[in-house]
Amino acid sequence: MLRDKIRADIEQVMKTLGFIFNDRYTVEEPKNPEHGDFSTNIAMVTCKLNKMRPIDLAEKIAAAFSRKRDYKSVEIAGAGFINFTMSNYVFHQLMPVLMYSDYGTSTYGEKKKVILEFVSANPTGPLNVVSARASAYGDTLFRVMQYIGFEPFREYYVNDAGNQVDILAESVELRYRELHGEKIREFPAEAYNGEYIKDIAAHLNAIDGSKLLHYSEKDRLERMKNFALDEIHNMQVSSLDNFGVDFENWMSEQKLRQEGSIEEVLSYLSEANVTYEKDDAIWFESTKFGDEKDRVLMRADGTITYIVPDIAYHLTKYQRGFDIIIDVLGPDHHGYVPRLMAALEALNYDKDKLEIVFLQHINLLSNGEMVKMSKRTGRIVTMQELIDDVGKDAARYFFLDRKPNSHLNFDFSLAKKASAENPVYYIQYAHARICSVMVKAKKAKMSLDNFDLKSLKKLDKKEEIKLIKKMLSFTDVLILIADKREPHRLASYTLELAGMFHKYYNAHKIINPRYEDISRCRIFLISCIKNILGISLELMGISAPTSMKKKSKK
RNA sequence: GCGCCAAUAGCUCAGCUGGAUAGAGCAUCGGAUUUCUAAUCCGAGGGUCAGGGGUUCGAGUCCCUUUUGGCGUGCCA
């Protein structure tokens with residue numbers, strides 16, 4: 001927010017002085033507070049353009065700034081940095097916006113339509129912790145984008161057709177027949193073997209009883225497939241709901257197929273002249289577009305491979321008019337990107353609109369030992385278990401607070417124990433603490449009614465200015481998150497703000513009956529902090545409690 | 001073999017389009033409550049940013065290379 005002002009001032013000075021510049025320079029907040037509030041490298045970046053030594057150029061620019069009231073001091077340091085220290089009133093003047101309940105919103109996104117596809121786990125079992133990571137990531141990115149003026153749309157693609165779901169049906173069938181006294185000697189290795197399959201079979205049996213035994217195999221499996229898909233879908237929806245995640249749309253592959261999209265894709269590709277027949281199969285010449293080998297579209301037996309509906313699905317994203325298409329995928333899918341891109345290119349779609357974000361795997365540990373997860377064997381830790389044990393808030397924070405592209409180790413048993421030490425409590429505590437102080441303030445008859453904004457100048461402590469600065473940078477953080485698709489930055493930002501508050505709280509008394517003016521200014525300040533913590537938590541899908549229940553110490 | 005991703009403190013991880021003395025939490029050790037919630041705060045120790053080159057005023061960040069690990073390289077999805 002302030003950064004824009006500094007940039008504008010810098011460019012105005014450069015123009016007045018007749019110096020050449022481009023937008024390659026930066027304005028940033030130096031780590032070292034001795035270097036002022038903001039710092040720019042413009043003299044170093046443009047010295048060659050202006051044929052001057054960086055120091056000399058910096059001198060001239062700084063001199064022009066010294067006449068501006070908003071700047072307390074402008075100094076040159078290092079190889080040619082220009083360090084700005086703002087007058088305190090600049091911060092104070094901006095403070096009222098920090099109180100707005102929609103502080104940070106903007107029109108930055110220009111109503112661009114964004115489709116965010118995430119989770120999209122196979123409908124063959126309960127969601128696992130990997131989906132929890134995807135949920136936390138996708139949903140928070142969605143909320144932030146929406147907050148700053150994009151028009152995002154959450155979508156879950158359901159692979160409810162094809163091989164995997166046939167195996168699902170067969171797995172249910174085995175358990176069903178078991179219920180009817182049949183002994184299954186050896187459960188096939190490729191079948192789904194989790195307890196939930198038994199539950200589904202039992203549920204189905206409770207409804208249909210033994211009548212399915214008299215169906216033809218085809219009809220029976222069809223019934224089992226649809227029943228299981230339904231049950232699992234409900235399980236997934238409920239876990240996601242418990243995690244605070246909703247989708248605008250669930251796109252069914254079955255439906256896509258029924259609508260004839262498969263035939264469409266096949267004919268488009270053949271019209272584009274990029275298919276051929278070999279070994280009785282139909283191939284897509286994806287190598288023409290950078291893929292490492294050609295891909296089969298239709299097998300000799302007339303069934304299609306998964307990539308056809310996948311292409312069809314992606315075409316709908318274009319046809320529905322999205323400006324930005326974001327796929328959030330697991331790392332085991334990166335091999336498939338080139339063939340998808342190849343298809344888009346072959347069909348003349350703008351592949352630059354499609355962005356793929358890869359979330360790296362989670363190494364799940366239990367008591368320090370690696371847990372191998374597999375849906376088939378049923379050895380998985382489900383998202384629901386995670387929510388039950390760690391709590392929605394902590395779980396969301398935990399999975400959000402790391403950049404998408406790094407692997408992460410998650411010790412499940414540790415997380416259960418350590419939940420009280422989770423940073424999310426630190427943040428929530430800051431929020432609750434402020435609420436509590438405000439209740440106290442009310443009792444002390446110190447309200448913000450008739451508050452004179454001019455008195456804010458009494459907030460002149462170093463920590464106070466730092467806090468205001470931090471809050472003013474919130475708008476920049478949100479933009480950065482949306483642009484770089486990195487919602488983990490919100491977790492870090494919120495943690496930092498909470499930390500700054502806790503330090504401030506310990507260093508300075510907020511309510512002091514002897515200094516009512518200052519007290520009221522401080523109440524104003526912490527109200528702003530509370531506001532922004534609340535907004536951040538809401539964007540992360542984490543609750544903002546007004547009080548914390550004390551847990552007994554161990 | 002080829003391709004993608006990663007490697008930062010004992011552990012888990014940050015590090016904004018390249019910026020000045022690389023940070024936080026946990027763990028370890030030592031302190032703080034006549035005071036608005038101690039789920040807090042203050043302090044200490046702890047680093048060859050995997051190794052080596054390069055680009056430039058300046059590299060944890062960009063490029064090349066080596067090493068290590070994960071994943072991919074199906075007519076599974």
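Since the structure is predicted, the reported quantities are computational estimates derived from the model, not experimental observations. Residue numbers start from 1 in every chain, and the chains themselves are labelled A, B, ... in the order their sequence lines are given, proteins ahead of strands.
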Participant: Does R520(A) make a cation-pi contact with F451(A), if we ask for NZ or CZ under 6.0 Å from the ring centre and within 45° of the axis?
Facilitator: no
Participant: Pick out the pairs of N or O atoms, protein on one side and nucleotides 5-7 of chain B on the other, that lie under 3.5 Å.
Facilitator:
{"unit_1": "C5(B)", "atom_1": "O3'", "unit_2": "N405(A)", "atom_2": "OD1", "d": "3.4"}
{"unit_1": "C5(B)", "atom_1": "O2'", "unit_2": "Q360(A)", "atom_2": "NE2", "d": "3.2"}
{"unit_1": "C5(B)", "atom_1": "O2'", "unit_2": "N405(A)", "atom_2": "OD1", "d": "3.1"}

Participant: Base, sugar-phosphate alone, or nothing: which one does H431(A) contact when heavy atoms must sit under 4.0 Å apart?
Facilitator: nothing
Participant: Any donor-acceptor pair under 3.5 Å linking the side-chain atoms of Y306(A) with those of N163(A)?
Facilitator: no
Participant: Please list, chain by chain and in numerical order, all residues satisfying side chain to side chain contact (heavy atoms under 4.5 Å, CB included) with S252(A), sequence neighbours excluded.
Facilitator: D160(A), Q254(A), K255(A)
Participant: Could you measure between the two C1' atoms, the one in U65(B) and the one in G25(B), and give it in whole Å?
Facilitator: 35 Å
Participant: Would R402(A) pass as a cation-pi partner of F398(A), given that its NZ or CZ must be under 6.0 Å from the six-membered ring centre and within 45 degrees of the axis?
Facilitator: yes
Participant: Look at atom CZ of R24(A) and say whether more than 12 heavy atoms of other residues, nucleotides or ligands are closer to it than 6.0 Å.
Facilitator: no
Participant: Taking atom NZ of K466(A) as the centre, report whether more than 12 heavy atoms of other residues, nucleotides or ligands fall under 6.0 Å from it.
Facilitator: no
Participant: Ignoring the backbone of K503(A), work out which of C41(B), C75(B), A77(B) is nearest its side chain.
Facilitator: C41(B)
Participant: A27(B) and U66(B): how far apart are their C1' atoms, nearest whole angstrom?
Facilitator: 34 Å
Participant: Rounding to an integer number of angstrom, what distance separates G60(B) and G15(B) when you compare their C1' atoms?
Facilitator: 8 Å
Participant: Under a 3.5 Å limit for both distances, which nucleotide forms a Watson-Crick or G-U wobble pair with G45(B), could you say?
Facilitator: none
Participant: Can you check whether H333(A) stacks with the A77(B) base, using ring centres under 5.5 Å and planes within 30°?
Facilitator: no
Participant: Does the ring center of Y137(A) lie less than 6.0 Å from the ring center of F399(A)?
Facilitator: no
Participant: So N83(A), base contact, sugar-phosphate only, or nothing? Heavy-atom distance under 4.0 Å.
Facilitator: base
Participant: Flag yes if more than 12 heavy atoms outside Y515(A) fall under 6.0 Å of its OH atom; otherwise flag no.
Facilitator: no
Participant: Would the number of heavy atoms belonging to other residues, nucleotides or ligands and lying under 6.0 Å from NZ of K392(A) be above 12?
Facilitator: yes
Participant: Given that both distances must come in under 3.5 Å, which nucleotide forms a Watson-Crick or G-U wobble pair with C75(B)?
Facilitator: none
Participant: Check this for me, if you would: do K317(A) and E155(A) make a salt bridge, where the nitrogen-to-carboxylate-oxygen distance has to be below 4.0 angstrom?
Facilitator: no
Participant: Is L480(A) touching bases, backbone alone, or none of the nucleic acid, heavy atoms closer than 4.0 Å?
Facilitator: sugar-phosphate
Participant: Check nucleotides 55-57 of chain B for protein N or O atoms closer than 3.5 Å to its own N or O atoms and list the pairs.
Facilitator:
{"unit_1": "C57(B)", "atom_1": "OP1", "unit_2": "K48(A)", "atom_2": "NZ", "d": "2.8"}

Participant: How many Å lie between CZ on F398(A) and C1' on A14(B), as a whole number?
Facilitator: 14 Å
Participant: What nucleotide, of U37(B), A20(B), A77(B), holds the atom closest to the side chain of Y505(A)?
Facilitator: U37(B)
Participant: Can you list, by residue number, the residues of residues 336-344 of chain A that have a non-hydrogen atom closer than 4.0 angstrom to RNA chain B?
Facilitator: none
Participant: Taking OP1 and OP2 of A77(B), is either one under 4.0 Å from a side-chain nitrogen or oxygen of N159(A)?
Facilitator: no
Participant: Mind checking the C1' distance from A9(B) to G52(B)? Whole angstroms is fine.
Facilitator: 23 Å
Participant: It should be established whether K293(A) places a side-chain nitrogen or oxygen under 4.0 Å from OP1 or OP2 of nucleotide C75(B).
Facilitator: yes
Participant: Phosphate oxygens OP1/OP2 of C36(B): is one of them under 4.0 Å from a side-chain N or O of S436(A)?
Facilitator: no
Participant: Using atom C1' of each nucleotide, how far apart are C71(B) and A59(B) to the nearest Å?
Facilitator: 29 Å
Participant: Looking at the side chain of F81(A), which of A38(B), G72(B), A20(B) is the nearest nucleotide?
Facilitator: A20(B)
Participant: Pull out every residue in residues 484-497 of chain A that has a heavy atom closer than 4.0 Å to any atom of RNA chain B, ordered by number, or say none.
Facilitator: K484(A), H488(A), R489(A), S492(A)
Participant: Does any donor atom in the side chain of D393(A) or Q428(A) lie under 3.5 Å from an acceptor atom in the other side chain?
Facilitator: yes
Participant: Determine: side-chain N/O of Y429(A) to OP1/OP2 of C41(B), distance under 4.0 Å, yes or no.
Facilitator: no
Participant: Using distance alone, with no hydrogens and no angle criterion, decide if D327(A) and H314(A) have a side-chain donor and acceptor under 3.5 Å apart.
Facilitator: yes
Participant: Which of these nucleotides, U37(B), A20(B), U17(B), is closest to any side-chain atom of T26(A)?
Facilitator: U17(B)
Participant: Taking 4.0 Å as the cut-off, does a side-chain nitrogen or oxygen of K31(A) come that near to OP1 or OP2 on A20(B)?
Facilitator: yes
Participant: With a 6.0 Å cut-off on the ring centroids, do F358(A) and H333(A) count as close?
Facilitator: no
Participant: For the side chain of E75(A) and the backbone of I82(A), is there at least one donor-acceptor N/O pair under 3.5 Å apart?
Facilitator: no
Participant: Between U17(B) and G74(B), how far apart are the two C1' atoms, rounded to whole Å?
Facilitator: 40 Å
Participant: The side chain of N163(A) lies closest to which of these nucleotides: U37(B), C41(B), A77(B)?
Facilitator: A77(B)
Participant: So what does Q428(A) touch, heavy atoms closer than 4.0 Å: a base, only the sugar-phosphate, or nothing?
Facilitator: nothing
Participant: Considering only atom P, compute the distance from C75(B) to A14(B) and round it to an integer number of Å.
Facilitator: 36 Å
Participant: Which one, C75(B), C41(B), U21(B), comes nearest to the side chain of D279(A)?
Facilitator: C75(B)
Participant: Both K440(A) and F358(A) contact RNA chain B. Which one's nearest nucleotide lies toward the 5' end?
Facilitator: F358(A)
Participant: In the structure shown, which nucleotide is the Watson-Crick or G-U wobble counterpart of C4(B), with both distances under 3.5 Å?
Facilitator: G70(B)
Participant: Side chains of Y157(A) and E253(A), heavy atoms from C-beta outward: is any pair under 4.5 Å?
Facilitator: yes
Participant: Checking all strands, does A432(A) fall into the base, sugar-phosphate, or nothing category for heavy-atom contacts under 4.0 angstrom?
Facilitator: base
Participant: So what's A9(B) paired with, Watson-Crick or G-U wobble, going by both distances under 3.5 Å?
Facilitator: none
Participant: Scan P331(A) against the nucleic acid and name what it touches under 4.0 Å (heavy atoms): base, sugar-phosphate only, or nothing.
Facilitator: sugar-phosphate
Participant: For G78(A) and for E253(A), find the nucleotide of RNA chain B with the closest heavy atom, then tell me which residue's nucleotide is more 5'.
Facilitator: G78(A)
Participant: Pick base, sugar-phosphate or nothing for N41(A), based on heavy-atom distances below 4.0 Å to the nucleic acid.
Facilitator: base
Participant: When you check the side-chain N and O atoms of D310(A) and Y336(A), is any donor under 3.5 Å from an acceptor?
Facilitator: yes
Participant: When the C1' atoms of C49(B) and U61(B) are considered, how many whole Å apart are they?
Facilitator: 10 Å
Participant: Give T303(A) one of three labels, base, sugar-phosphate or nothing, depending on what nucleic acid heavy atoms sit under 4.0 Å from its own.
Facilitator: nothing
Participant: Tell me whether the NZ or CZ atom of R7(A) lies within the 45° cone about the ring axis of Y25(A) and under 6.0 Å from its centre.
Facilitator: yes
Participant: With hydrogens left out and only the distance checked, is there a donor-acceptor pair under 3.5 Å joining N409(A)'s side chain and the base of U12(B)?
Facilitator: no
Participant: Is any side-chain N or O of R402(A) closer than 4.0 Å to OP1 or OP2 of C13(B)?
Facilitator: yes
Participant: Rounded to the nearest angstrom, tell me the gap between atom CD1 in I479(A) and atom C1' in C16(B).
Facilitator: 13 Å
Participant: Taking side chain to side chain contact (heavy atoms under 4.5 Å, CB included) as the definition, give me every residue that meets it alongside H508(A), ordered by chain and number, with sequence neighbours left out.
Facilitator: K461(A), E463(A), Y504(A), R522(A)
